[in-house]
Amino acid sequence: MTRVVVVGCGIIGAAIAYELSQVSGLLVTVLDRQLPAQAATGAALGVLMGAISQKPEGNSLRMRLTSIQRYNDWVPRLESVTGLSIPFNRQGILRLCFEGEDLGYWKTLAEIRQQQGWRLEIGDRAYLSSRYPYLNLEHVIGAVYSPQDRQLDPTVMTLALVKAATQNGVQFAFNETVLETAFDSLSDSTGRHCQQVFTQNGCYPADWLVIAAGLGSTPLISAMRHRLELRPVLGQAIQVQLPTPLDYSGLQPVITGDDTHLVPLGGGSYWIGATVEFPQALVAPSPSETALEAVRQRAIAVCPALAHATLVRTWSGLRPRPEGRPAPIIERLPGYRNVLLATGHYRNGVLLAPSTAERIRQAIEAGRSEV
């Protein structure tokens with residue numbers, strides 16, 4: 001058996017565990033210093049922007065679209081095997097375009113997406129007025145509707161992945177803090193080899209070590225004498241309740257625009273978010289009421305009925321943003337033969353979890369074939 005230790009059980013670590021649980025010959029253990037989905041995952045809105053991404057092509061787009069396709073398969077399968085109900089909005093994403101934006105670019109992108117097998121619909125103000133009469137279109141010139149994009153509850157999805165992986169034989173150890181890792185004393189041209197992972201409660205043998213700990217990845221990697229700088233970027237969101245839903249027709253996509261998301265949850269309940277609060281230094285920023293109120297006001301500006309909504313709760317979380325390089329970081333740690341990184345996803349951790357898991361599986365399978 002090949003022993004794989006995954007450090008971190010946000011949605012990235014949970015997706016990797018589930019993916020690897022379907023590979024024969026692997027003994028997978030997941031370690032986390034807290035319970036699942038407690039960090040960046042627990043603060044995410046789960047808006048899966050794939051086809052509506054402004055990237056016309058490239059690796060980033062492929063990962064996004066792959067993840068959308070895999071979520072379409074994963075959600076019903078996970079619901080079947082776990083008995084959990086995963087909130088999954090299949091009604092797409094509506095992106096509002098404001099004065100000064102170029103609708104011509106979106107029309108060109110829609111043609112590109114059609115060639116790629118995806119669909120984008122371009123609508124003008126009349127289109128919006130007829131379908132979304134509750135929107136304020138004063139500064140809106142049109143919209144892009146992506147019917148194949150999705151939104152899901154990140155916390156419930158993570159718990160479903162954990163439960164399914166457990167059923168497949170993965171071992172999870174929560175409230176386990178990784179203290180150190182042990183490597184072979186010699187290295188060759190391919191690098192050093194991780195042998196053991198130590199926590200306060202024991203030792204875990206490892207043929208592969210996967211670091212998927214978000215901001216917690218930095219100290220683990222630093223202990224291996226490798227520099228990886230991940231900056232904490234704060235995101236805040238709120239949940240509100242209206243007496244009645246905004247739309248009775250059943251047409252309730254996620255509405256986004258001006259870097260603000262309005263996520264329908266059913267029954268007149270909505271998530272609004274999220275802020276993007278950068279620290280002045282590497283110190284994590286504290287939640288700002290001013291920043292959160294600014295997001296709420298932007299949502300009210302396009303949907304005035306939200307001004308009368310009742311506040312249900314607020315929440316926040318820190319997202320790992322790589323410094324000096326693009327997100328995410330999915331690669332073998334330089335100088336180490338069997339240490340894989342799956343971290344630094346910044347604002348796209350939920351979106352890219354399935355494709356990240358696929359790449360980690362491919363790397364481990366390729367590594368096993370080399371032995």
Side-chain angles (χ1 to χ4, degrees), residues 6-16 32-34 37-50 53-55 57-67 154 158 178 181 191 194 208-236 259 273-286 291 316-336 338-363:
V6 180
V7 181
C9 196
I11 197 165
I12 299 295
I16 291 170
D32 201 304
R33 61 188 176 186
Q34 50 194 349
Q38 295 299 300
T41 298
L45 297 180
V47 179
L48 310 178
M49 303 180 75
S53 165
Q54 295 189 52
K55 300 179 183 297
E57 56 186 12
N59 177 62
S60 175
L61 177 67
R62 285 192 296 272
M63 288 189 68
R64 287 169 177 259
L65 299 180
T66 295
S67 283
T158 302
V178 174
T181 51
C194 179
W208 287 92
L209 172 60
V210 181
I211 299 177
L215 289 168
S217 303
T218 297
L220 295 175
I221 296 169
S222 296
M224 299 177 196
R225 300 178 182 178
H226 185 80
R227 181 179 176 83
L228 176 64
E229 194 169 293
L230 298 175
R231 286 187 175 263
V233 179
L234 184 72
Q236 298 186 80
D259 208 24
T275 66
V276 181
E277 300 173 53
F278 290 93
Q280 297 300 315
L282 283 175
V283 178
S286 300
S316 64
L318 296 171
R319 297 164 292 198
R321 179 176 179 267
E323 188 73 5
R325 59 176 299 177
I329 300 170
I330 309 169
E331 63 190 28
R332 196 175 300 203
L333 181 65
Y336 294 86
N338 66 334
V339 179
L340 299 173
L341 305 181
T343 190
H345 287 72
Y346 188 29
R347 301 179 71 185
N348 291 313
V350 179
L351 169 60
L352 299 180
S355 54
T356 298
E358 181 181 55
R359 293 198 171 195
I360 293 298
R361 171 182 56 77
Q362 291 170 344

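A 4.5 Å side-chain heavy-atom check between L209 and N338 finds every atom pair outside the cut-off. Using a 4.5 Å heavy-atom cutoff, the side chains of V233 and L318 are not in contact. Looking only at side-chain heavy atoms (C-beta outward), M63 and S60 stay at 4.5 Å or farther from each other. In this structure, the side chains of E229 and R227 come closer than 4.5 Å at one or more pairs of heavy atoms. Between T343 and L228 the shortest side-chain heavy-atom distance falls below 4.5 Å. Put simply, the side chain of M49 does not reach to within 4.5 Å of the side chain of N348, judged on heavy atoms. Here the side chains of M224 and L333 are in contact, with some heavy-atom distance below 4.5 Å. At a threshold of 4.5 Å between non-hydrogen side-chain atoms, the residues R321 and L230 do not count as touching.
Contact detail for P354 and S67: the closest heavy-atom pair is CD-OG, 3.5 Å. Here the closest heavy-atom approach between residue H345 and residue I12 is recorded as NE2-CD1, 3.6 Å. Nearest heavy atom pair, residue A342 against residue V210, reads CB-CG1, 4.5 Å. Of all heavy-atom pairs between Y346 and A327, the closest is CB-CB, 4.1 Å. Here the closest heavy-atom approach between residue G235 and residue R319 is recorded as CA-NH2, 3.2 Å. Listed here is the closest heavy atom pair of T158 and A14: CG2-CB, 3.8 Å.
Going from atom NZ of K55 over to atom CG of L65 covers 12.0 Å, rounded to the nearest 0.5 Å. In this structure, the separation between OG on S217 and CG on L215 is 8.0 Å, given to the nearest 0.5 Å. Here the CG atom belonging to N59 is positioned 9.0 Å from the OG1 atom belonging to T66, to the nearest 0.5 angstrom. With values rounded to the nearest 0.5 angstrom, L341 atom CG is found 10.0 Å from I330 atom CD1. Between the CG atom in L48 and the CZ atom in R64 there is a gap of 10.0 Å [rounded to 0.5 Å]. Within the model, atoms CZ of R62 and OG of S355 stand 11.5 Å from one another, a figure rounded to the nearest 0.5 Å.
Heavy-atom contacts from other residues, nucleotides or ligands closer than 6.0 Å to CZ of R361 number more than 12.
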Exercise. Walk me through it: do E331 and L340 pass the test side-chain contact (heavy atoms from CB on, under 4.5 Å)?
Key: CA-CA 6 Å; E331 63 190 28; L340 299 173; over 6 Å; no
Exercise. Kindly determine whether L234 and S316 satisfy side-chain contact (heavy atoms from CB on, under 4.5 Å), including the steps that lead there.
Key: CA-CA 7 Å; L234 184 72; S316 64; 4.0 Å; yes
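Partner of I211 under the side-chain contact (heavy atoms from CB on, under 4.5 Å) criterion, out of V6, I329, T181, V339: V339 alone.
Proximity of a side-chain donor or acceptor of T275 to a complementary backbone N or O of Q236 within less than 3.5 Å is detected.
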